[in-house]
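Okay, structure first, notes after.
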There are 2 protein chains.
Amino acid sequence: MTEAIQGRSRSGRRGRGGKPEAAAPLREVNYRQLKNPFPTMDVFSADEIANMHETALRTLEELGIKVLLPEARKIYAKGGARVDESTEMVYIGRDMVEAAVASAPKSIKGMAGARHRDITLELGSLVFQPGAGAPNATDLERGRRPGSARDYKEYIQLTHHFDVFQMISPQVEPQDVPIHERHYFTSDMQLTLSDKFPFTFSRGTPQVMDCFEMIRDFRGISDDEFQANPWNYTIINTNSPRTLDIPMAQGLIDFAKFGQMSIVTPFTLMGAMAPITVAGSITLSHAEALAAITLVQLTRPGAPICYGTFTSNVDMKSGAPAFGTPSHFQASLAAGQLARHLGLPWRSAAGSASNVNDVQAANENQMGLWGCLMAGATVVIHAAGWLEGGLTVSYEKLVTDAEVLNMVAELCAGKTATADEIGFHNALSEVDPSGHFFASSQTMERYNSEFYEPVVHDYANFGTWTERGAQDTNTRATAVWKSILAADKRPEVDETRVEALRNFIEKRKSEGGAPPES
Amino acid sequence: MTEAIQGRSRSGRRGRGGKPEAAAPLREVNYRQLKNPFPTMDVFSADEIANMHETALRTLEELGIKVLLPEARKIYAKGGARVDESTEMVYIGRDMVEAAVASAPKSIKGMAGARHRDITLELGSLVFQPGAGAPNATDLERGRRPGSARDYKEYIQLTHHFDVFQMISPQVEPQDVPIHERHYFTSDMQLTLSDKFPFTFSRGTPQVMDCFEMIRDFRGISDDEFQANPWNYTIINTNSPRTLDIPMAQGLIDFAKFGQMSIVTPFTLMGAMAPITVAGSITLSHAEALAAITLVQLTRPGAPICYGTFTSNVDMKSGAPAFGTPSHFQASLAAGQLARHLGLPWRSAAGSASNVNDVQAANENQMGLWGCLMAGATVVIHAAGWLEGGLTVSYEKLVTDAEVLNMVAELCAGKTATADEIGFHNALSEVDPSGHFFASSQTMERYNSEFYEPVVHDYANFGTWTERGAQDTNTRATAVWKSILAADKRPEVDETRVEALRNFIEKRKSEGGAPPES
């Protein structure tokens, strides 16, 4: 439960029958460490999944993958792969892949700025991250614009506010910050405005090393402590089909060397950079993920890596990406089956192609979300805020999607049916036919805690809603994010570490910063 | 797939590479007879469910149910119940309930106007019905108004258009049709504008008998054929807590006598007319449903009856009903467990409390829908169009919710991963690293059939979408329903039967119609 909701309950009406509010306890639900309560759904048979895995192995052995980074090709070659330097093609044997899957950790502990913010990534756990990587930001007051430092900062504040986002994502690109200094800004914002698990872009070794140093020092830990568990993560997209470019390969190696977590995600659109079928596109995605996992495990056996897929279809009329479609849903299910085949934690993604936070945006995001949930995804990326297939993040959509995620987190908490809850004596037998339960003993004990209280959904009837200005959800969401930013609640931070961080940043800037290359 | 979608594909672009469109087959998915592919989810343990069932039986035995119709009390008494005529209370023994559950059919065949429209209701099958029972209609062009004959007719046409609605519902009340003649109008519209499974209101025996006669004659069947299977259905709401009023009890008896189907649905709002807990409210709902099932089976053993629940919570600050909440979702899950405990087909419901078709409306409806799907509901009522907790149906929301239901129907169809679909030879090995699959053999074979084509979702990028007028989904939905009404596609009907129906109606009207009472 977020603080805002708690605050609303506390300042709410007095108890029924003149009793003070304290008579009924308030609702407290932990949204921070979730277990997925939904049964996993298979789209393919076990034989079909085995065939897809086999075909992915054959693809890596016979067709190979193009690896643009010489250091990565060397690591593959040293590990036993056949490498053709003239074509930059790497052919990876199944024994190498199997050894890599065996040494990859099945459970990953992500270390945040406070222990109650730590996350565990393993099959069965459930972690949400808002939208990532958008060049643009939008809201109803300021319109759609290129992402700025202000937008980046505000998204960190909004992400920090909602407990249901357990990881920070790079929601928007702060395009007005010079690229060779951008990682200082993003690290500063993530560390000082939130104590959640932070993200680092793989934009060349110098930037990554800067970020590792800032995180290690700000968290006040030793090199050994830093390398024992991931204290940040990166997302690696392969260039489908079958290509691993220089920054992505370098990122996998850099993160592996320091025991930090990569989430490897082939972003495959069926019918465009992947086969048109669910089975074909996921087989390709699986092959590419296995290649990346192999590189990571060859670099440092046991290094934390999260399997991933993000596969949806294109609109065959226009070639435009679509999200929240039946094919997207089924691709998540298939990826989940393959992740369970490997036994690894894995990420999938929701998302929307809509250009505005409207009914399509809501329906696509939620449809994609249910695909992830029923696929047993460990991490659901782009769970909130994404519009235009990721080209824009919306302040309002972040709020309205968070409402849905909060409700999912409530479902994770489950329910019981004790005798008190079934209520023969304290409810059913207390009320006459056609009576009401407003004043039953059971209601009096629970009226403040039984139900989830929404952030932005409104249950007022049509007359009251009209009198209040007939605001739609999107408009109400503007008021919600503005109130969160105005409250500006921050985690406790050690001011001496903030000062040290800022001094480090000034020093590195004066030395010229770090270009986004290795 | 609806005809509109097929039409769009057929009139679409030519095939790639200059080949005529005929090169790739079109998509054909049957949305008419669905099987639920989603794994069922339990919210309570088997012991807890057994305790709830036991408490429901105890409630009927010890607390009793108030039955306002003397004929119903007589039937209960004759069946062995203890009846107190002075209080109208009926106390039903568990042996009576168990016998009723045993004689209730586990599979019900609903007969429509054409055999391909028939439906089967049993655990595992999945049937959708749009919103039911709203006094008001709304759309973006004409605004919110009391429901009229025109609205009723248009909703029948829209319901008929979408294959994913397998049952007709009384979406809106035609308030401008006199109440003693309204059932003639609604029967005429349902029978002549659609060949789907129709609905009859239980508004007194004379109206019900009129409707049975109209349906029997229009379908051209004998009395025996009519009574052998249901040819229409009604929905019976108990007056929670523990009251069965006169029209509802009469409806159960009338439909049972003629072998027609009742869906019995206690509409219980947690914290208002039901206990505040999921366990308590569903226990009450279960008891009331069991009482109704018992009345039906005492009237005619084997008569078709569908178990039902519709339970959500109220907002404890205002007392207003809420839908698509975690409590609503969990109530559906619990009801599903009890339905499986009984082995009976059952209905649940989606719905929205939003006052306009916006993000809240979409998110609530879809959240409620997933509750129904994971609960294994046989019939999902209020699956499309509901706003304001059922006080209004929206033309646009009918369209946008149908999009979601279409996608669910696509998921029902499943996917396979044959060698051709995995595509090592016809896709993966054909495309070089960093290439694209637009022209692979696999894509050429499937580009017209692989993906679901949306009704109202739009994948255009921001620039194109802006050039086209920046219409949100709700606005685009207006164009969709207007085009469906303009097309005015109707089922084939026997004109002599239409004439006979109209003659019957005129004759009955001249005789004074039928008042809504027995």
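Owing to the predicted nature of the structure, the values given are computational and were not obtained by experimental measurement. Heavy atoms only: backbone and side chains are in, while hydrogens, waters and symmetry mates are out. A, B, ... follow the sequence lines: proteins, then strands. Residue 1 opens every chain.
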Flag side-chain contact, heavy atom, 4.5 Å: [X] against [Y]:
{"X": "A/Lys317", "Y": "B/Glu453", "result": "yes"}
{"X": "B/Glu450", "Y": "A/Met316", "result": "no"}
{"X": "B/Glu403", "Y": "A/Gln360", "result": "no"}
{"X": "B/Trp370", "Y": "A/Met367", "result": "yes"}
{"X": "A/Glu62", "Y": "B/Ser429", "result": "no"}

Shortest non-hydrogen separation from B/Phe438 to A/Gly271 and the atoms involved: CD2-O, 3.0 Å
Atom of A/Val431, atom of B/Arg242 and distance for their closest heavy-atom approach: O-NH2, 2.6 Å
Is chain A contacted by the side chain of [X], its backbone, both, or neither, given a heavy-atom distance below 4.5 Å?
{"X": "B/Asn357", "answer": "both"}
{"X": "B/Ser440", "answer": "neither"}
{"X": "B/His425", "answer": "side chain"}
{"X": "B/Arg58", "answer": "both"}
{"X": "B/Pro37", "answer": "both"}
{"X": "B/Thr418", "answer": "backbone"}
{"X": "B/Met270", "answer": "both"}
{"X": "B/Glu396", "answer": "neither"}
{"X": "B/Thr40", "answer": "backbone"}

B/Thr325/A/Tyr459 under side-chain contact (heavy atoms from CB on, under 4.5 Å): CA gap, chis, key distance, verdict: CA-CA 11 Å; B/Thr325 63; A/Tyr459 303 136; 3.6 Å; yes
A/Ser434-B/Asn239 side chain donor-acceptor pair, cut-off 3.5 Å: no
Test item: side-chain donor near acceptor, B/Gln366 and A/Asn363, under 3.5 Å: yes
For the candidates [options], which exhibits the highest count of non-hydrogen atom pairs separated by less than 4.5 Å from chain A?
{"options": "B/Thr416, B/Asp472, B/Val278, B/Asp245", "answer": "B/Thr416"}
{"options": "B/Met374, B/His436, B/Lys66", "answer": "B/Met374"}
{"options": "B/Ala287, B/Ser327, B/Gly324, B/Pro326", "answer": "B/Pro326"}
{"options": "B/Ala362, B/Ala353, B/Ala417, B/Ser354", "answer": "B/Ala417"}

Value rounded to 0.5 Å, distance of [atom1] in [X] from [atom2] in [Y]:
{"X": "A/Arg468", "Y": "B/Asn355", "atom1": "CZ", "atom2": "CG", "value": "10.0 Å"}
{"X": "A/Thr473", "Y": "B/Asp358", "atom1": "OG1", "atom2": "CG", "value": "3.0 Å"}
{"X": "A/Thr55", "Y": "B/Leu428", "atom1": "OG1", "atom2": "CG", "value": "7.5 Å"}
{"X": "B/Thr277", "Y": "A/Phe451", "atom1": "OG1", "atom2": "CZ", "value": "8.5 Å"}
{"X": "B/Ile276", "Y": "A/Glu445", "atom1": "CD1", "atom2": "CD", "value": "10.0 Å"}
{"X": "B/Lys415", "Y": "A/Glu48", "atom1": "NZ", "atom2": "CD", "value": "11.5 Å"}

A/Asn136 vs B/Phe462, side-chain contact (heavy atoms from CB on, under 4.5 Å): CA-CA, chis, key distance, verdict: CA-CA 11 Å; A/Asn136 304 303; B/Phe462 189 82; over 6 Å; no
Which portion of A/Ala427 sits near chain B, non-hydrogen atoms under 4.5 angstrom: side chain
A/Phe44 versus chain B, the contacting section by heavy-atom distance below 4.5 Å: side chain
Donor-acceptor under 3.5 Å (B/Glu421 side chain, A/Ala279 main chain): no
Working for side-chain contact (heavy atoms from CB on, under 4.5 Å), residues A/Phe424 and B/Leu63: CA-CA 10 Å; A/Phe424 186 83; B/Leu63 305 179; 3.8 Å; yes
